[in-house]
Amino acid sequence: MNNNVRVRFAPSPTGPLHIGGVRTALYNYLFARKHNGSCILRIEDTDQTRYVDSAEDYILNSLDWCGIEFDESLRKGGDFGPYHQSERKHLYRRYADKLVEKGHAYYAFDTQQELDVLRSEYESQGKTFIYNQTARKELRNSITLSNDEVQSMLEKGEPYVIRIKIPEDDTVELTDLIRGHISVHTKEMDDKVLYKADGMPTYHLANIVDDHLMEITHVIRGEEWLPSAPLHVLLYKFLDWKAPAFAHLPLLLKPDGAGKLSKRDGDRLGFPVFPLKWKDPKTGEEYMGYRDSGYFPEAFINILAFLGWNPGTEKELYTLDELIKDFSLERVGKSGSRFDPDKARWFNHQYLIRKSDREIAERFMTSLDEKGISANIHFVEKAVSLVKERVNFVREIWDEISFMFIAPTEYDPKVVKKKWKEHTPGLLSELLEQFRQIDPSDFTAENIEEATKDFLAEKDLGMGQIMNAFRLTIVGGNKGPSMFHTAEILGKEEVLKRMEYGINHISRD
RNA sequence: GGUCCGUUCGUCUAACGGUUAGGACGCCAGGUUUUCAUCCUGGUAAUAGGGGUUCGAUUCCCCUACGGACUGCCA
């Protein structure tokens with residue numbers, strides 16, 4: 001392919017970006033990198049009424065956390081700025097005017113109230129009002145009004161919008177990179193507002209003007225835009241511009257059926273919908289995020305990448321660089337996908353077990369800090385190495401090895417009942433004496449195991465007859481990694497102390 | 001309602017006219033293990049329905065059903 005590919009991700013700062021938006025950004029990014037092109041971030045803030053102050057930072061921080069980098073953005077700048085549509089306001093008007101001059105657009109003076117009335121009248125008759133080629137002939141606009149009337153209304157400062165004049169009998173065709181050929185008859189299209197009464201362009205105008213000015217070659221966006229793609233194609237044609245290639249991505253659906261994923265689904269179904277946690281500034285409601293739930297960003301983008309795309313091989317674990325190498329729009333599916341929380345956890349597990357003990361230990365240290373437990377990093381590193389394969393998230397490590405930091409004083413009654421026999425205290429005391437013989441510096445898993453096995457052989461007993469009780473004194477229950485390794489990490493002194501305590505305190509009743 | 005888009009195991013998906021319809025997650029069973037996990041092995045489970053086209057359809061076409069998106073001076 002050519003090497004001047006330019007794509008953009010263009011969110012609107014009306015709230016947090018959810019995982020569907022992140023995936024769109026990711027696919028744009030992958031496509032750009034794959035083709036040695038540029039990836040641009042543009043903020044579509046033409047709707048003043050829905051602007052949410054903290055949303056923009058949220059979007060930027062989210063993408064940053066994911067490792068999705070832009071070549072041009074509001075933070076980074078670039079040769080095609082500004083990257084806020086609100087700062088490009090002055091650019092749009094002339095194109096709207098040009099369309100009016102060429103007869104492809106017209107002034108409409110109908111107020112929102114008038115249109116609302118029409119809509120509800122139609123609705124009460126079971127019909128839908130559409131401002132189209134039929135309706136425009138009966139409403140207050142520069143098609144029905146004389147030039148003089150229009151001029152005087154304009155001069156008097158009457159509010160108006162500019163609408164596209166959809167051709168009466170034509171067919172708009174486009175080829176979508178994912179869906180193939182699509183055609184729509186113009187009689188099905190409506191005269192969308194291009195320029196609002198408040199002096200701002202609508203999405204439709206702004207997006208094609210900016211995409212043209214920013215020399216965007218491929219528009220990769222969500223499927224919700226598919227119905228308006230013909231309108232955009234028409235606009236490019238009317239302005240004598242070359243339209244970019246389109247690729248409409250399938251939607252991310254609710255895990256339990258009906259409809260596209262929405263912000264409340266996460267808390268309802270127990271998985272995050274947002275990359276980072278989000279507090280709604282208006283309602284104060286909080287929504288959880290992937291980062292805050294303990295997902296690694298690498299796992300998160302891997303999960304997202306596979307929701308709608310796959311390499312066609314059996315490889316499932318992909319770094320960002322590998323994704324760049326293998327990604328292609330041809331391998332993006334057509335149908336919507338549901339998010340699978342179980343598989344998401346599995347992905348995180350895969351990344352967790354591949355990380356070094358050191359890195360996991362460092363992350364785990366912060367949750368220890370929160371619990372007010374101070375520990376040596378080398379000790380934590382060893383403890384973590386024993387259990388990292390059995391958890392999906394760093395925060396779950398605590399449940400596995402809390403006994404490493406807090407000696408048990410209570411014992412699982414079920415295990416006591418089953419494994420703490422009449423002769424157990426005596427046997428354990430003898431084993432303790434064996435351990436006492438080992439020099440503290442030789443208190444290794446290997447030596448402890450040898451001492452234990454020798455002891456059992458001498459007594460003609462099996463492992464099962466002592467290990468559970470031993471574990472009970474050290475752990476307080478019947479779970480956990482290898483006792484010999486656990487004992488080594490805990491150290492001779494601590495092990496003997498716990499055994500003694502257990503022998504003296506565990507009783508069957 | 002209208003327009004457009006979609007439909008392979010429960011979920012993510014592979015198979016771009018010829019496969020016993022493959023893999024992964026989940027689930028179930030067995031094995032390993034001092035315990036709980038991990039891990040290993042095996043199993044369960046799908047082409048929405050009906051018509052065509054074809055020697056042969058998951059694959060191409062049509063209809064039906066179902067699902068979804070859009071239908072704002074929102075993006």
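Each chain gets a letter, A, B and so on, in the order the sequences are listed, and its residues count up from 1. Only heavy atoms go into these numbers, but all of them, side chains included; no hydrogens, no water, no symmetry mates.
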[atom1] spacing across the pair [N] / [M], given as an integer number of angstrom:
N: B/rG10; M: B/rA69; atom1: C1'; value: 24 Å
N: B/rA45; M: B/rC63; atom1: P; value: 35 Å
N: B/rG51; M: B/rG68; atom1: P; value: 28 Å
N: B/rC16; M: B/rC60; atom1: P; value: 11 Å
N: B/rU71; M: B/rA75; atom1: C1'; value: 15 Å
N: B/rU38; M: B/rU20; atom1: P; value: 35 Å
N: B/rU44; M: B/rG22; atom1: P; value: 10 Å
N: B/rC12; M: B/rG26; atom1: C1'; value: 11 Å

*How are the rings of A/His232 and A/His204 set relative to one another: parallel (under 30°), tilted (30 to 60°) or perpendicular (over 60°)?*
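Because their plane-to-plane angle lies in the 30° to 60° range, the rings of A/His232 and A/His204 count as tilted.
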
*Sequence neighbours excluded, which residues qualify as ring pair (Phe, Tyr, Trp, His ring centres under 6.0 Å) partners of A/Trp420?*
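Ring pair (Phe, Tyr, Trp, His ring centres under 6.0 Å) check on A/Trp420 returns nothing, list empty.
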
Looking only at side-chain atoms of [X], point me to the closest of [options].
X: A/Arg119; options: B/rC5, B/rC73, B/rC12; answer: B/rC73
X: A/Asp190; options: B/rG68, B/rU71, B/rC4; answer: B/rU71
X: A/Ser482; options: B/rC4, B/rG23, B/rU34; answer: B/rU34
X: A/Val184; options: B/rG6, B/rU38, B/rU3; answer: B/rU3
X: A/Leu251; options: B/rU38, B/rG68, B/rC4; answer: B/rG68
X: A/Met483; options: B/rG2, B/rU38, B/rU34; answer: B/rU34
X: A/Ser12; options: B/rG10, B/rA75, B/rC5; answer: B/rA75

_A/Trp346 or A/Tyr160, whichever maps to the more 5' nucleotide of RNA chain B_ =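 The answer here is A/Trp346.
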
*In terms of the nearest nucleotide of RNA chain B, which residue is placed more toward the 5' end: A/Asn310 or A/Glu400?*
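It is A/Asn310 whose nearest nucleotide is closer to the 5' end.
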
Whole-Å distance separating the [atom1] atom of [X] from the [atom2] atom of [N]:
X: A/Phe484; N: B/rU35; atom1: CZ; atom2: P; answer: 11 Å
X: A/Glu173; N: B/rU3; atom1: CD; atom2: P; answer: 18 Å
X: A/Gln133; N: B/rG2; atom1: CD; atom2: C1'; answer: 15 Å
X: A/Lys254; N: B/rA69; atom1: NZ; atom2: C1'; answer: 13 Å
X: A/Lys334; N: B/rC4; atom1: NZ; atom2: C1'; answer: 15 Å
X: A/Tyr51; N: B/rC73; atom1: OH; atom2: P; answer: 24 Å
X: A/Glu316; N: B/rA24; atom1: CD; atom2: P; answer: 8 Å
X: A/Asp340; N: B/rU13; atom1: CG; atom2: C1'; answer: 12 Å

*Which heavy-atom pair separates A/Leu177 from A/Ala245 by the least distance, and what is that distance?*
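Answer, listing the atom of A/Leu177 first, then A/Ala245: CD2-CB, 4.0 Å.
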
Under-4.0 Å salt bridge between [X] and [Y]:
X: A/Arg390; Y: A/Glu396; result: no
X: A/Glu114; Y: A/Arg140; result: yes
X: A/Lys459; Y: A/Glu430; result: yes

When all nucleic acid strands are considered with a 4.0 Å heavy-atom cut-off, which category describes [X]: base, sugar-phosphate, or nothing?
X: A/Gly126; value: nothing
X: A/Arg471; value: base
X: A/Gly308; value: sugar-phosphate
X: A/Thr49; value: nothing
X: A/Gln112; value: base
X: A/Ser335; value: sugar-phosphate
X: A/Asp110; value: base
X: A/Tyr203; value: base
X: A/Arg221; value: nothing
X: A/Arg163; value: sugar-phosphate
X: A/Thr46; value: sugar-phosphate
X: A/Pro481; value: base

Using OP1 and OP2 only, check whether a side-chain N or O of [X] sits under 4.0 Å from [N].
X: A/Lys196; N: B/rC74; result: yes
X: A/Lys192; N: B/rC74; result: no
X: A/Asn468; N: B/rU35; result: no

Presence of donor-acceptor pair under 3.5 Å, side chain of [X] and base of [N]:
X: A/Arg390; N: B/rC36; value: yes
X: A/Lys479; N: B/rA37; value: no
X: A/Ser337; N: B/rU11; value: no
X: A/Arg338; N: B/rU11; value: no
X: A/Arg50; N: B/rC74; value: yes

Who does [N] pair with, Watson-Crick or G-U, both distances under 3.5 Å?
N: B/rU8; result: none
N: B/rU34; result: none
N: B/rC16; result: none
N: B/rA21; result: none
N: B/rU41; result: B/rA29
N: B/rA46; result: none
N: B/rU71; result: B/rG1

_A/Phe347/A/Tyr295 aromatic ring centres below 6.0 Å_ =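 Not under 6.0 Å, so no.
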
*Just one of A/Tyr106, A/Tyr160, A/Tyr131, A/Tyr107 clears the side chain to side chain donor-acceptor pair (under 3.5 Å) bar with A/Asn141, so which one?*
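Exactly one pass, corresponding to A/Tyr131.
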
*Determine whether A/Trp278 and A/Tyr58 make a side-chain contact, defined as any pair of heavy atoms from C-beta on separated by less than 4.5 Å.*
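Yes - at least one pair of side-chain heavy atoms lies under 4.5 Å apart.
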
*Got A/Leu154 and A/Phe109 here, is their nearest side-chain heavy-atom distance under 4.5 Å?*
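The answer is yes, as the side chains (C-beta and beyond) meet within the 4.5 Å cut-off.
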
